[in-house]
Enquirer: 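Have a look at this one before I ask anything.
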Amino acid sequence: MEKKVKKVDIIFETALDTSPLDVLDKTLQRSADDIILELIDSGLKGRGGAGFPTGLKWKFTKNEDSDTKYVICNADEGEPGTFKDREILDRVPEKVFTGMTICGYVIGAREGYIYLRGEYNFLLKTLNAKLDIFNKALKDRNIDFQIFVKSGSGAYVCGEESALFESMQGFRGEPRNKPPYPTVAGYNFKPTVINNVETLVYVAMICRIGAEKFKALGTTDSRGSKVFSVSGDTPIPGIYELELGMPLSRFVDEFGDGDAKAVQVGGASGHCVPRKLFADTIIGFEGIPTGGSMMLFNSSRSMYNVLKDYLEFFTEESCGQCTPCRVGCQQLLKGIEAVKRGERPPAYLDEMKKLTGTMRIAAKCGLGQSVGNPFNTIIDNFREEIIY
Amino acid sequence: MSKIDLLVKGLVEQHGKTRNSLMPVLQGLVQQERFLSEEAMLVVARELDLAAAEVYGTASFYTFLDTVPRGKNIVRVCKTITCHMKGKEDIVNAIENTLKIRTGETTHDKKFTLLTANCLGWCHKGPVMLVNDEIYPDLTPQKAIEIIEEYATLNGH
């Protein structure tokens with residue numbers, strides 16, 4: 001068995017002989033159905049974290065009967081520990097634009113938007129300049145599609161697709177009830193494909209290299225590769241494109257500092273995996289999926305501080321619209337502080353785990369629903385550190 | 001017409017008189033003024049034909065759309081876990097001592113406001129801070145102070 005993680009070079013690769021516009025020209029000669037079939041065949045799932053099959057999302061939107069449809073690139077990369085989308089937009093923006101344009105062609109949209117988080121406003125100038133060139137190239141080719149950038153203003157929850165639409169429409173970034181899903185009623189309540197930055201690049205690359213080459217990477221449940229954002233206690237923090245489906249132990253061998261006691265997989269809203277489970281944890285949709293955030297903690301770190309940091313984050317970023325999330329996040333934070341101070345018995349931690357169960361069922365969006373991921377995995381694996 | 005009137009009219013002209021323009025208009029105002037005054041929000045409401053409460057309701061939701069007075073330069077130090085682990089506390093302390101304010105406050109000369117922010121997306125190069133829209137990764141307390149001093153001279157009169 002291979003012992004090292006397999007590094008891949010698809011996302012950032014810049015071929016000398018094939019520009020993104022060449023890929024576009026070649027792809028638009030194919031029928032929309034043909035492209036959808038290839039995407040479904042490739043097994044590509046959304047790279048933002050939720051992992052919905054990209055081809056299906058496009059198919060549903062294409063099948064909607066509407067004169068107006070939209071393509072949206074979700075660049076509201078706010079998950080703690082994730083920074084790959086910024087790097088992609090900085091280094092290979094044309095690939096993102098190409099993925100969006102292919103999507104517009106497939107579903108029948110004339111407008112695409114990149115929703116860029118406000119924290120990345122420094123990218124705006126070059127991004128807009130490159131967009132001007134790209135949009136002009138589209139006009140020159142008589143392709144009826146234009147791409148624009150919309151900025152966020154510092155709200156984690158706007159990465160949730162329906163909150164993102166609300167924000168673009170000039171409202172508070174409060175998630176909507178679902179259904180209807182974006183494929184039916186998204187931006188301006190029109191059928192919308194919303195994809196993560198990285199997903200759109202994989203679309204462009206699958207159109208170039210073919211589904212077979214993509215499928216050859218990864219596992220049955222997790223096809224292809226993925227860009228990982230590696231941070232925390234590692235001698236080599238940064239951005240790495242790796243094959244999906246590896247055991248976490250192999251990842252830690254490559255990136256750990258030799259003293260890793262836990263890895264938070266999937267950011268603050270993801271799962272904390274302790275050392276004893278490294279070998280049995282698969283990074284992929286069959287194990288623990290991730291939007292790419294991998295934060296390593298060595299034995300010098302207090303997991304109480306880690307959990308407290310996450311809960312403070314969620315308490316601040318909860319939109320406050322639904323009670324389970326608004327009050328739940330606050331109570332979890334107050335609760336672990338009370339247990340730490342000895343004002344509550346250790347058994348109170350188990351009561352709070354029940355609360356995360358309620359939040360998973362009753363919260364309106366992924367934010368409140370997933371707070372239980374870090375909470376339960378840290379409480380279960382590092383209970384002593386929380387109590388004493 | 002006041003300065004705010006002109007600014008809002010210009011932004012509305014640029015982005016269009018629709019609800020969808022509310023965010024770009026508010027963002028444009030913050031870009032110029034650093035925060036949204038009551039007067040500014042009332043003008044936006046009038047120009048976009050919205051209730052003032054709708055404008056305030058939207059503005060107050062977003063961390064970067066401040067509705068309280070801010071300094072000419074807004075410093076936001078990332079406080080989320082990785083930057084926390086890499087010493088954001090020392091960065092905050094260094095800036096607090098240099099500017100003689102505490103986090104959340106604005107200097108008397110209205111040149112600087114110091115804030116903390118949730119994950120800025122530079123976890124591999126922490127600690128990190130934003131000054132207005134510019135990012136400064138791989139900070140040390142010394143480096144942070146130098147950057148602040150540079151802004152102080154840049155805007156000096």
Side-chain angles (χ1 to χ4, degrees), chain A residues 77-87 117-125 150-158 166-174 187-188 229-234 236-239 264 267-268 293 295-297 300-301 305-306 308-310 312-313 316-317 319-320, chain B residues 15-31 36 44 48 50 54-66 74 76 78-86 88-89 115-126 128-138:
Chain A
E77 181 177 53
E79 188 65 51
T82 320
F83 39 92
K84 56 163 184 101
D85 292 337
R86 170 178 51 70
E87 193 89 358
R117 70 188 300 224
E119 290 84 344
Y120 293 169
N121 272 348
F122 56 88
L123 285 176
L124 273 175
K125 209 174 152 193
K150 291 256 185 185
S151 284
S153 275
Y156 167 75
V157 74
C158 285
E166 289 293 305
S167 175
M168 281 179 67
Q169 289 174 227
F171 290 83
R172 296 166 70 83
E174 293 175 347
Y187 177 49
N188 289 339
S229 310
V230 184
S231 69
D233 293 313
T234 165
I236 43 170
I239 289 153
Q264 181 76 16
S293 171
M295 292 186 276
L296 295 105
F297 302 111
S300 75
R301 305 295 174 189
N305 286 345
V306 172
K308 183 162 171 278
D309 193 282
Y310 290 161
E312 282 169 349
F313 176 83
E316 280 178 28
E317 296 296 343
C319 81
Chain B
H15 297 287
K17 200 178 168 126
T18 66
R19 176 76 192 231
N20 286 23
S21 309
L22 181 55
M23 287 290 284
V25 168
L26 295 179
Q27 286 162 346
L29 270 168
V30 169
Q31 191 75 35
L36 300 164
V44 171
L48 288 179
L50 294 169
E54 290 281 331
V55 176
Y56 178 72
T58 299
S60 58
F61 184 84
Y62 297 93
T63 313
F64 285 13
L65 300 179
D66 284 310
I74 303 183
R76 297 176 203 268
C78 179
K79 66 173 178 191
T80 306
I81 190 71
T82 319
C83 286
H84 194 160
M85 285 159 56
K86 305 285 173 191
K88 63 103 192 176
E89 212 72 56
L115 302 170
T116 52
N118 283 329
C119 189
L120 295 174
W122 289 83
C123 318
H124 57 327
K125 293 188 176 177
V128 53
M129 67 179 180
L130 275 175
V131 182
N132 307 324
D133 281 345
E134 288 303 312
I135 193 82
Y136 297 93
D138 291 321

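Numbered from 1 within each chain, the chains take letters A, B, ... in sequence-line order.
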Enquirer: Chain A heavy atoms under 4.5 Å from B:T80: which part of the residue, side chain, backbone, both or neither?
Expert: both
Enquirer: Tell me, please, which residues at least two apart from A:Y310 pass ring pair (Phe, Tyr, Trp, His ring centres under 6.0 Å).
Expert: none
Enquirer: Is it the backbone or the side chain of A:V157 that comes under 4.5 Å from a heavy atom of chain B, or both, or neither?
Expert: side chain
Enquirer: Tell me the closest heavy-atom pair linking B:Q27 and A:G152, and the distance in Å.
Expert: NE2-O, 3.3 Å
Enquirer: Which region of A:S229, side chain (C-beta onward) or backbone (N, CA, C, O), has a non-hydrogen atom less than 4.5 Å from a non-hydrogen atom of chain B, or is it both or neither?
Expert: neither
Enquirer: Can you check whether B:I81 reaches A:F313 side chain to side chain, under 4.5 Å on heavy atoms?
Expert: no
Enquirer: Pick from A:A155, A:G320, A:P237: which one has the most heavy-atom pairs with chain B under 4.5 Å?
Expert: A:P237
Enquirer: For the pair A:E316 and B:K79, evaluate side chain to side chain contact (heavy atoms under 4.5 Å, CB included) and give the outcome as yes or no after the intermediate values.
Expert: CA-CA 12 Å; A:E316 280 178 28; B:K79 66 173 178 191; 2.6 Å; yes
Enquirer: Using heavy-atom distances under 4.5 Å, tell me whether B:L120 contacts chain A through its side chain, its backbone, both, or neither.
Expert: both
Enquirer: Side chain from CB out, backbone as N, CA, C, O: work out which of these in A:K150 comes under 4.5 Å of a heavy atom of chain B, or both, or neither.
Expert: side chain
Enquirer: What part of A:L123 lies closer than 4.5 angstrom to a heavy atom of chain B: side chain, backbone, both or neither?
Expert: neither
Enquirer: Look at the rings of B:W122 and A:F122 and say which category their plane angle falls in: under 30° parallel, 30 to 60° tilted, over 60° perpendicular.
Expert: tilted
Enquirer: Restricting to salt bridge (Lys or Arg N to Asp or Glu O under 4.0 Å), what partner residues turn up for B:D66, sequence neighbours left out?
Expert: B:R70, B:R76
Enquirer: Quick check: closest heavy atoms across B:T63 and A:G154, and the distance to 0.1 Å?
Expert: OG1-O, 2.8 Å
Enquirer: With heavy-atom distances below 4.5 Å as the criterion, would you say the side chains of B:Y62 and A:C158 are in contact?
Expert: yes
Enquirer: So which atom in B:S60 and which in A:R172 form the shortest heavy-atom distance, rounded to 0.1 Å?
Expert: OG-NH1, 3.6 Å
